[in-house]
Amino acid sequence: MPTRSNTTGTTTFLIGNPPYDRDASAQGGFVLDRTENGRSLFDDILDDAKQNVIFSHTKSLNDLYVYFWRWAIWKVFEVNTGPAVVSMITSSSWLTGAGFLGLRRLVREVADQITIIDLGGAGRGARKEENVFDIQTPVAIVTLTRKGGSDRSVPAAARYLRVSGSRQEKLSALQEQAAGTAQATWTPLHSDWYAPLSPPAGDEDWQTYVAVADLLPWQQPGCSWGRTFPIAPQAEVLEERWRRFVSTADVKDREGLYAAANSGRNVHTKVGGQIPLANEPTGASGLPLVRYGYRSFDRQWAFSDPRFATLERPSLWWSVSPKQVFLTSMMTNPLGHGPAATVTAFVPDFHHFCGRGGKDVIALYRDAAGTPNVDPAALRLLGNKLGLTITVEQLFAYTFGVLAGADYTERFHEALETPGPRVPLTADPELFRRMVAHGEELIWLQTFGERFREGELPTAGITWNPKPSRLPEAKTDIKYDSATAALRVADGVLTGVPEQAWAFAVSGMGVMPKWLGYRMAKPTGKAASSKSSLDKIRPTTWSSEWSTELVEIVAAIKETVALVPAGIALLDEIVTGPLVAADELPPVPDALRQPPKAAKVAAGQEGFTFDDGMLPGTHEGGLF
């Protein structure tokens, strides 16, 4: 429905259902136009985000519906001084999203009363719900009212109502609201300028738990390539793709192979001091390849070259070391069943955690030198309270043990409706030590024996008989038999696979089926519909290293699941014992939330490289 406004007597009103469109900066028009003072209307909400959140959060503001909200506020509340009403149904992301705090502050300024009817309707993610429209984005009706001239120094009162159910049930509830016959209970909201326009998640206990984002403050999105061919489950495939790319000097051919998306980069873009890809010599030698955290428990390979990426996240690459660990979770989207976090020793993909992206990567260290990703003041205070000397490694392991080694998502299911995991932080030194040990064991398992301790994974009893010799051609080529605990993959059979391991899922993503799906003759995912012919260069036979890796995955998941009962019992003790409350910790310095500044690439280096010209885990040319 088009937005419309009208003036009746002394009241100005506007109602509408504006469109939404991410990355819509080209459509901002009047809202983005700068006036004689050098400012735009959009700056009034962008400035707050710039001052309070990291850059990746501010990107969400560049949405068409956000421009409509800013224009409506200006047109109805700022141009006019009398009574006013704005009521629009839009994406609900701005009610709680970190990047939208400026918009929330502005509506609290201009209005006397804010009324929110949250209709939900997520069609993606772990908590799907029917939408009132044929879309997959949750929506809300927000109404701003002003009776007359208002004091912008006093935040508006706000009330909230969540309407759940089927589409028809939601529409019926709205009709009852319009008729004045509804029996709904409205929730008054906090009046803080930047506070979410929704009730706090969980009970009072939940609010005392410490936000993970405050314990380990540097968080950001994973690497985003914008295309699929720079990633492959087999190093030799990437080397062949590179040879095809440089097999011709024809620029048009290279442009087609690059398959430029809406990334702002193409074969003519100079990135990281390197020559544009269009100018690479014909037959140039192979690029270094690096291990890459593609999905939870899925180690693949990637080009070590930012020219192929949309957003390579330099600070992540420059923090890699033989000791670095990356935790991924859903920090800005609701978590589903299964572990609330996983870890990887390699730079994670934007969609690493469960195949859906977000600002969800938390590193153990801020750089390759091992600078802790923690506020030193918080670490000291916590140590004083527990009577221990606490390291960032211990805090990281404790956090991971709580999120991934118990019944976290089931226990706190309702609280996690509002994104942002929290950790009950014990004040008992013995419980702290035990949860640290629990988390360390899980990290060792999920990094396949590469972090936090030494030793081989317990793979006894998980055997191939025989190993596959060909790729699965279709889903029917992959079959699990719970009666025999055997997994058939093409012409191979893996025995000793517990049903819990096969069914293991991360917020709706089945780990083993997803891993196998990327290793089929025609792999699942976006590569199947890619515009680049480089994606047609695929493995043609089953790799022996995959056989080894799948055994390790089964072992890691099997042992992870076996540890959960002990983790549940331990978490029971923690939540019923003495805790360190969130408000006891000092505020996190803003600088610690920002991505570390990546070192500049030295002349002669390629891609994501360190002083020795190679990332840990890379192979020149990608061949063994």
Side-chain angles (χ1 to χ4, degrees), residues 92-93 96-98 120-131 136-138 201-202 206 209 211-213 216 219-224 293-299 325-344 348-362 399-423 439 442-443 445-447 499-518 524-526 553 556-557 560-561 563-564 567-568 571:
S92 61
S93 58
T96 59
R124 305 182 185 90
R127 305 189 184 196
K128 295 181 176 62
E129 181 186 17
E130 194 171 357
N131 202 302
Q136 300 190 68
T137 302
W206 176 258
Y209 299 162
V212 172
L216 302 159
Q219 64 176 76
Q220 69 167 73
C223 182
S224 179
Y294 190 52
R295 297 289 181 267
S296 290
F297 295 85
D298 190 349
R299 298 161 287 177
V325 183
F326 298 100
L327 178 154
T328 64
S329 179
M330 282 290 193
M331 306 297 292
T332 57
N333 293 303
L335 283 156
H337 294 293
T342 60
V343 289
T344 177
D349 188 78
F350 184 81
H351 300 289
H352 176 269
F353 179 63
C354 62
R356 300 182 301 280
K359 306 161 186 69
D360 308 329
V361 177
I362 299 178
T399 301
F400 190 68
V402 171
L403 296 179
D407 58 347
Y408 184 88
T409 54
E410 289 75 20
R411 184 185 296 247
F412 303 119
H413 183 77
E414 290 186 9
L416 290 167
E417 282 283 351
T418 299
R422 292 172 173 267
V423 171
L442 290 165
I443 292 170
L445 287 167
Q446 294 188 22
T447 58
E499 186 171 4
Q500 286 179 306
W502 173 250
F504 187 81
V506 177
S507 273
M509 184 190 79
V511 168
M512 290 178 63
K514 179 68 83 172
W515 187 92
L516 288 163
Y518 291 126
T524 59
K526 294 182 179 180
I553 290 170
I557 295 175
T560 293
V561 171
L563 288 171
V564 168
I568 293 173
L571 188 54

Straight-line distance of [X] [atom1] to [Y] [atom2], nearest 0.5 Å:
| X | Y | atom1 | atom2 | result |
| --- | --- | --- | --- | --- |
| Thr560 | Ile553 | OG1 | CD1 | 11.5 Å |
| Lys514 | Ser296 | NZ | OG | 11.0 Å |
| Arg411 | Leu571 | CZ | CG | 4.0 Å |
| Trp206 | Phe412 | CH2 | CZ | 6.0 Å |
| Thr399 | Ile443 | OG1 | CD1 | 9.0 Å |
| Phe353 | Met331 | CZ | CE | 11.0 Å |

Discussion item. Using the ring pair (Phe, Tyr, Trp, His ring centres under 6.0 Å) criterion, which residues pair with Trp502? Sequence neighbours excluded.
Written reply: Tyr480

Discussion item. For Val564 and Tyr408: C-alpha separation, side-chain torsions, deciding distance, then whether side-chain contact (heavy atoms from CB on, under 4.5 Å) applies.
Written reply: CA-CA 10 Å; Val564 168; Tyr408 184 88; over 6 Å; no

Is there side-chain contact between [X] and [Y], with at least one heavy-atom pair below 4.5 Å?
| X | Y | result |
| --- | --- | --- |
| Asp298 | Thr344 | no |
| Met330 | Pro421 | no |
| Gln220 | Asp360 | no |
| Met509 | Arg356 | no |
| Thr342 | Phe297 | yes |
| Phe504 | Ile557 | yes |
| Ser507 | Leu335 | yes |

Worksheet item: Under 3.5 Å, is there a donor-acceptor pair between the His352 and Thr328 side chains?
Response: yes

Practice prompt. Tell me, please, which residues at least two apart from Pro138 pass side chain to side chain contact (heavy atoms under 4.5 Å, CB included).
Written response: Ser92, Ala122

Practice prompt. Taking side chain to side chain contact (heavy atoms under 4.5 Å, CB included) as the test, write out the residues that go with Ala341, two or more places apart.
Written response: Leu327, Ser329, Phe400, Leu403

Worksheet, complete the sentence: Here the pair of heavy atoms bringing Gly120 nearest to Asn131 is O-ND2, 4.0 Å

Worksheet item: What are the two closest heavy atoms between Thr409 and Gly338, and how far apart are they?
Response: OG1-O, 2.8 Å

Practice prompt. Measure up the Tyr294 and Tyr518 rings against each other and bin them: parallel (under 30°), tilted (30 to 60°), perpendicular (over 60°).
Written response: perpendicular

Practice prompt. Let me see the working for Val361 and Gln219 under side-chain contact (heavy atoms from CB on, under 4.5 Å), right down to the final yes or no.
Written response: CA-CA 5 Å; Val361 177; Gln219 64 176 76; over 6 Å; no

Worksheet item: Quick one: do Arg295 and Asp349 make a salt bridge, cutoff under 4.0 Å?
Response: yes

Worksheet item: Around Glu410, counting heavy atoms of other residues, nucleotides and ligands shown, do more than 12 lie under 6.0 Å from its CD?
Response: yes

